[in-house]
Amino acid sequence: MRGKGMGRRLAAGALAALLTVGLSGCRQQGETPAGAPEGLNFSQQADLTAGVLHAGSSGGWQDTLSHLEYSSLANVRAQELAVGEDLAGCDLVIADPELLEAENWTDIWQALVDYVDNGGLLVLDNSFWDQFPAEFLGISGGTALEGLPAELTWPEVEENLSGFQGLIRDFAALYPSYKNAETLAAEDYGYGFTVTTARAIAQAGELALYTLNDVGEGQVLLTNPMLPNGYSISSPTLTASREGQEPFANSTNSANRLFYGKLLAYRSMEEYGYAVERVYGPFGTNPAAWEIHYEEITAIREDSAGQFAQLAEEAGQIPSYTLVRDPYWWLLRAESVTYLVNQSDTGLEYELDEYEGIYSSGTHVVCDNDWLSQVWVENTISYFSDDGGYTERAYPTIGDVDGDGADELLCGSGDGQFYCYELLNNDQRFTVDTPVMLTDGTGANLTVSGGHSAPAIGDVDGDGTPDVITGAGDGKVYWLRGLGNLSFEAPQLLLDPGMGEVQIFPETADMDGDGVADLLVGSAGGGLALYRGKSGGGFGTKQAISLPEEIADWAAPCAVDLNGDGALDIALGTFHGYVAKLERQGSGYTFTGYFEGGEQNYKGNTHLKFGNNCKPVFYDVNGDGALDLICGQLEYGLPCPIDSEYFPFREQLQAQVDWMKEKNYYLGVHTLTHWYASAEYEQREFDRHMEALASYGIDLTRVGNNQHTWHSSVYGPAQTYLAQYNSGMLWNSGTELPHSSATPQVSAENVLALPFFLESGGEPTMLMLNASTLFYKGDDWQAIAARYGNPMFLYYHCDWIYRDDSEARRAVQAMSDFLDTYGYTCIREDQLACASAAALNTAVSAAVDGETGALRLSASTLRTDLALYDENYQNSVGVKLTFGEGYSAGDYTTDASVWRQEGNSLYLSLDKDTTVWKGQREDTYLRQVNLPANLTWEGDTLTVEFATGGLMEVQVEGSVSTPSEGWTMTRDGEKTTLTKRGDPDTLVLHFWE
């Protein structure tokens, strides 16, 4: 056991010797230096072991163990410790709070005290504070805290503890900005302490929140519930380990992992003088990538992706795109007509159209090889919002409008006109011809007062020529007397129902079966009434029909037999796009619910969901004898699947996909789901996404996704992501976690988002990546993310660059500023995912040679069966070697293939066993290779054979030359950078002093 006393003496004495003796001579390019590490006996292991001691309960100790397994420290071994197990082999032991409930707590207590006394570092949760003697903890007492500690102060600590303290400070800066901060702040944050011998690491007023006390040969750390934090879900399964936990937060998960990583780094620096941490990019370089959502139809028409790529390339960056299955017209709402085919031979049963019904139910009626649409409303509210006060809608009815014996589709519109569509062959698809407008006797298009025509077809005067009865926006019903050939007399007032100056919706039908047509009148104010027809013409008294309050803002009626009893009932279109049922009972009508489907819609119910302001019509579209359901509506976006024969810009999109392949850009999946989606629905939907992209020849062998609207299903914490994974999507780079409203690019919950594998059944599945704070929230959050080497994404919509590229230019500049400020490299999204997966899939071992003092670092692959496993990325992992107090990174050199110094840290590649020693550095060395590559030395010549393409970048400290063609060389001070775009290539470098 490396005890505290031994460790400190080693750091002060023997460790100084280990890292100052060094190796003789300077490293020559491509050669092993004299006094080389080869053949040396690296017998003193310098790795760490951390364990979680628990009493066999099912509490949160599994989460703690996962935090160790995903620790930021690269050379730590995590283990589960059972009560009674020997603790002596552990550098760090974390006591699970449920040990306090164990019957043999006294024995456990003694084992923990002995462990510390013999040199161990023990982590105690706040709840243990009164279970140990005050001198053991180094405090004189505890004071209960009232809620989340505020206005923290940060006592000066020793350099080796500064990283640990800095993490707590950074998390404390993020935590109050959580979306659910008010709920979290009211949790129990335990006690603050008055210190005696302990060192305070964070304070609230005079009370210490974190204390570290020297006891015997070891140390004991007393923590606060702020970190490690159990109030938000932090498990890689996304499930709660205890009742009442708030939604998963990436920053909480990452900070919990970093908490133990930074504490272990402290332990390592105390014992050895250094700490070895993970780096999530190739050869020890921190990675950043664009996350560009491509989802708008006009943008595809205008090639916004190409326009954005030009800006990115000019800035030395490479874009990464994700394409939605169902592009839509951004912020557009359009009058449209969709339908659902009857699933029953005897009744009225329908299911939503999962292929086309993205924001609402229904297969689109086709007109002129495109979705039927009439008036378009631009610059509306977006996505799943139903509020906005838009009054437009297509208002359909079907009948023989022109008297030729064949039916037509007649649609009213918000513009007050009448669109008449001839029905075409509807065996496979409800298709209509180009609309002809109803006109008056002069040939002028007919309109109604106040707009918002709402037609019904009938013969009011009994002359055998079809007439049109229409509602209008002025609250009245008008009669358009038929003149034949789609010509009608000017509107004549037929009825003023007295419902106010609102849209009026008439429907003619023999509701009571007496052979005389009656008149149903609904309104946009929710009123509904029946006027009985008179045998001699005209209508009798008004019979009001009561409606539930939930339908009080829109009632568009259609007469239909709902229950098969031979009597006409009423189907009622509603504002929200549902179709309500009013069944006849005696002389009245009773609300009996809505038309239902088998899946929940995005409102969280199973009602068939059409667009807003809907109007139903029942008609046998496909001629099978069953009534199908047709609805006019105001539909968001007019989305159209990219693999539909009706997608209007197939050729343009195919050309863009082909161009992306030529440029070696990444093109992935932009998935869409909603909060209430079932597992079965999501699986089908994500399979459709993959099929749609595959139809364009997109390579999906190693693809990931981010989510349109960010939404995920609330049913099952990992349901959405496992369905994506089962469809072949191997990572997720942008999502709102279940039950969370933390939008990735603007939320404190995602500032820290260190990657982890979503676990299911004990096995790793999808790689979770969700950091998107660049450009949107300023420098402070970016600095926090960069401080911990967080793989970074810059989320952006490139869709509107064709209108104005000023915002895109600001985003590109934000990426450049971040890369320059924090030393990141810009690679593709898939490359970042593979590099992150490789870093998590790597075990690092550290050993010191007792004679020479050289530190040997080696990497090994944990498993080869990961879906994201790639040998090239595994062979190009790297680490961050940070020196402890009393040691300067500038005094050390290395035989690492790629390395650089940042502050008191060395970033080192581990493509081979790497040695670090104290000695003079070369003037010229390789400091960055941004992608996996095979590196081969021959004398002073280095050959860099890239295993993957895109934006290939090599950076050298000092001066080099190259005979390789097509590479751009730039100088910045002593740094030389060479870049090239395209397919994987080979770069030959001649080094010279």
Q.
To the nearest 0.5 Å, what is the distance between CD1 on I642 and CD1 on I297?
A. 11.0 Å

Q: For residues F248 and Y178, establish whether the separation of their ring centroids is below 6.0 Å.
A: no

Q: With sequence neighbours excluded, give me every salt bridge (charged side-chain N to carboxylate O under 4.0 Å, His left out) pair touching residues 629-638.
A: none

Q) Is S361 reaching over with its side chain to a backbone N or O of L352, donor-acceptor style, under 3.5 angstrom? A) no

Q. Is there any ring-ring contact (aromatic ring centres under 6.0 Å, His included) pair reaching into residues 712-742, and which pairs are they, with sequence neighbours excluded?
A. Y666-W731

Q: Please round to the nearest 0.5 Å and tell me the distance separating atom CH2 of W371 and atom OG1 of T363.
A: 8.0 Å

Q) For S727 and Q683, what are the C-alpha separation, side-chain angles and deciding distance, and is it a side chain to side chain donor-acceptor pair (under 3.5 Å)? A) CA-CA 7 Å; S727 291; Q683 195 63 70; 2.9 Å; yes

Q.
Could you go through F430 and V366, starting from their C-alpha distance and side-chain angles, then the distance that decides it, and tell me whether this counts as side chain to side chain contact (heavy atoms under 4.5 Å, CB included)?
A. CA-CA 6 Å; F430 192 178; V366 168; over 6 Å; no

Q | Pairs touching residues 306-316 that satisfy salt bridge (charged side-chain N to carboxylate O under 4.0 Å, His left out), sequence neighbours left out | A | E313-K663

Q: Take atom CD of Q310 as the centre, draw a 6.0 Å sphere, and report whether it contains more than 12 heavy atoms from other residues, nucleotides or ligands.
A: no

**Q.** Pairs where residues 687-712 contributes a residue and the test ring-ring contact (aromatic ring centres under 6.0 Å, His included) is met, not counting sequence neighbours
**A.** H293-W710, Y328-H708, Y383-H708, F384-H711, H670-H708, W675-H711, W710-Y795

Q: Ignoring hydrogens and angles, state whether a donor on the side chain of S304 or E302 is under 3.5 Å from an acceptor on the partner side chain.
A: no

Q) Could you go step by step and tell me if Q724 and N705 meet the side chain to side chain donor-acceptor pair (under 3.5 Å) rule? A) CA-CA 8 Å; Q724 291 168 347; N705 84 99; 3.2 Å; yes

Q | N732 and L769, any side-chain heavy atoms less than 4.5 Å apart | A | no

(Q) Any side-chain to backbone donor/acceptor pair from N750 onto S251? Under 3.5 Å, distance only. (A) no

Q. Does any non-hydrogen side-chain atom of E651 lie less than 4.5 Å from one of L653?
A. no

Q: With side chain to side chain donor-acceptor pair (under 3.5 Å) as the test, would you mind laying out the steps for E356 and S644 before giving the verdict?
A: CA-CA 9 Å; E356 288 179 16; S644 168; 4.9 Å; no

Q) About how many Å separate OG of S695 and CZ of F647, when rounded to the nearest 0.5 Å? A) 10.0 Å

Q.
Just by distance, no angles: are the side chains of T322 and E291 close enough, under 3.5 Å, to form a donor-acceptor pair?
A. no

Q: Indicate whether any N or O donor in one side chain lies under 3.5 Å from an N or O acceptor in the other, for E682 and T720.
A: yes

Q.
Could you measure the distance from the CG atom of L409 to the OH atom of Y419? Nearest 0.5 Å is fine.
A. 13.0 Å

Q.
Students often mix this up, so state it plainly: with edges at 30° and 60°, are the rings of Y681 and H674 parallel, tilted or perpendicular?
A. tilted

Q.
Checking E596 now: which residues fulfil side-chain hydrogen bond (donor to acceptor under 3.5 Å, both in side chains) with it, not counting sequence neighbours?
A. T606, H607

Q | Residue pair Y339 / I630: nearest heavy atoms and the distance that separates them | A | CB-CG1, 3.9 Å

Q) Side-chain donor-acceptor pair under 3.5 Å between Q656 and Y294, yes or no? A) yes

(Q) According to salt bridge (Lys or Arg N to Asp or Glu O under 4.0 Å), who are the partners of K603, at least two apart in sequence or on a separate chain? (A) D386

Q: Under the side chain to side chain contact (heavy atoms under 4.5 Å, CB included) rule, what do C367 and T431 come out as? Steps first, then yes or no, please.
A: CA-CA 6 Å; C367 178; T431 307; over 6 Å; no

Q) Measuring from Q633:CD to T338:OG1, what's the distance to the nearest 0.5 Å? A) 4.0 Å

Q. Any chance the side chains of D658 and Q654 put a donor and an acceptor closer than 3.5 Å?
A. yes

Q. Taking atom CG of L667 and atom CD1 of I698, what is their separation to the nearest 0.5 Å?
A. 4.0 Å

Q. Excluding sequence neighbours, so at least two apart, what forms ring-ring contact (aromatic ring centres under 6.0 Å, His included) with F308?
A. W290, Y796

Q: Assess whether side chain to side chain contact (heavy atoms under 4.5 Å, CB included) is satisfied between V751 and K777, documenting all intermediate values.
A: CA-CA 10 Å; V751 172; K777 293 299 287 188; over 6 Å; no

Q: Go through the side-chain N and O atoms of Q707 and T671 and say whether any donor and acceptor fall under 3.5 Å apart.
A: no

Q: Would you confirm whether S836, through its side chain, and P755, through its main-chain N or O, come within 3.5 Å as a donor-acceptor pair?
A: no

Q. Can you name the residues that form a salt bridge (Lys or Arg N to Asp or Glu O under 4.0 Å) with K980, not counting sequence neighbours?
A. D985

Q: For Q417 and N445, test the side chains for any donor-to-acceptor distance below 3.5 angstrom and give the result as yes or no.
A: yes

Q. Would R981 and E953 pass as an ion pair if we require N to O under 4.0 Å?
A. no

Q: Please report the closest heavy-atom contact between G362 and F610, naming both atoms and the distance.
A: CA-CE2, 4.3 Å

Q: Output all residues satisfying ring-ring contact (aromatic ring centres under 6.0 Å, His included) with H452, sequence neighbours left out; order by chain, then residue number.
A: none

(Q) Is there a side chain to side chain contact (heavy atoms under 4.5 Å, CB included) between E392 and S413? Walk through the geometry before answering. (A) CA-CA 7 Å; E392 292 78 9; S413 169; over 6 Å; no

Q) How about F595 and Y578: are their ring centres within less than 6.0 Å of each other? A) no

Q | Sequence neighbours excluded, every pair satisfying salt bridge (charged side-chain N to carboxylate O under 4.0 Å, His left out) that has a member inside residues 686-700 | A | E354-R688, E685-R688

(Q) For the residue pair Y824 / N790, report whether a side-chain donor-acceptor contact shorter than 3.5 Å exists. (A) no

Q) Which heavy-atom pair separates N664 from I318 by the least distance, and what is that distance? A) O-CD1, 4.1 Å

Q | Worked verdict on Y359 versus N601 for side chain to side chain donor-acceptor pair (under 3.5 Å) | A | CA-CA 9 Å; Y359 302 107; N601 56 52; over 6 Å; no

(Q) So which atom in S360 and which in G611 form the shortest heavy-atom distance, rounded to 0.1 Å? (A) CB-N, 3.5 Å

Q: May I have all residue pairs that pass salt bridge (charged side-chain N to carboxylate O under 4.0 Å, His left out) and include part of residues 716-731, sequence neighbours excluded?
A: none

Q | Set of residues satisfying salt bridge (Lys or Arg N to Asp or Glu O under 4.0 Å) with respect to D830, sequence neighbours excluded | A | R828

Q: Using a strict 4.0 Å threshold on nitrogen-to-oxygen distance, state whether R702 and E829 make a salt bridge.
A: no

Q.
I'd like to check L238 versus L737 (side-chain heavy atoms, cut-off strictly below 4.5 Å). Are they in contact?
A. yes

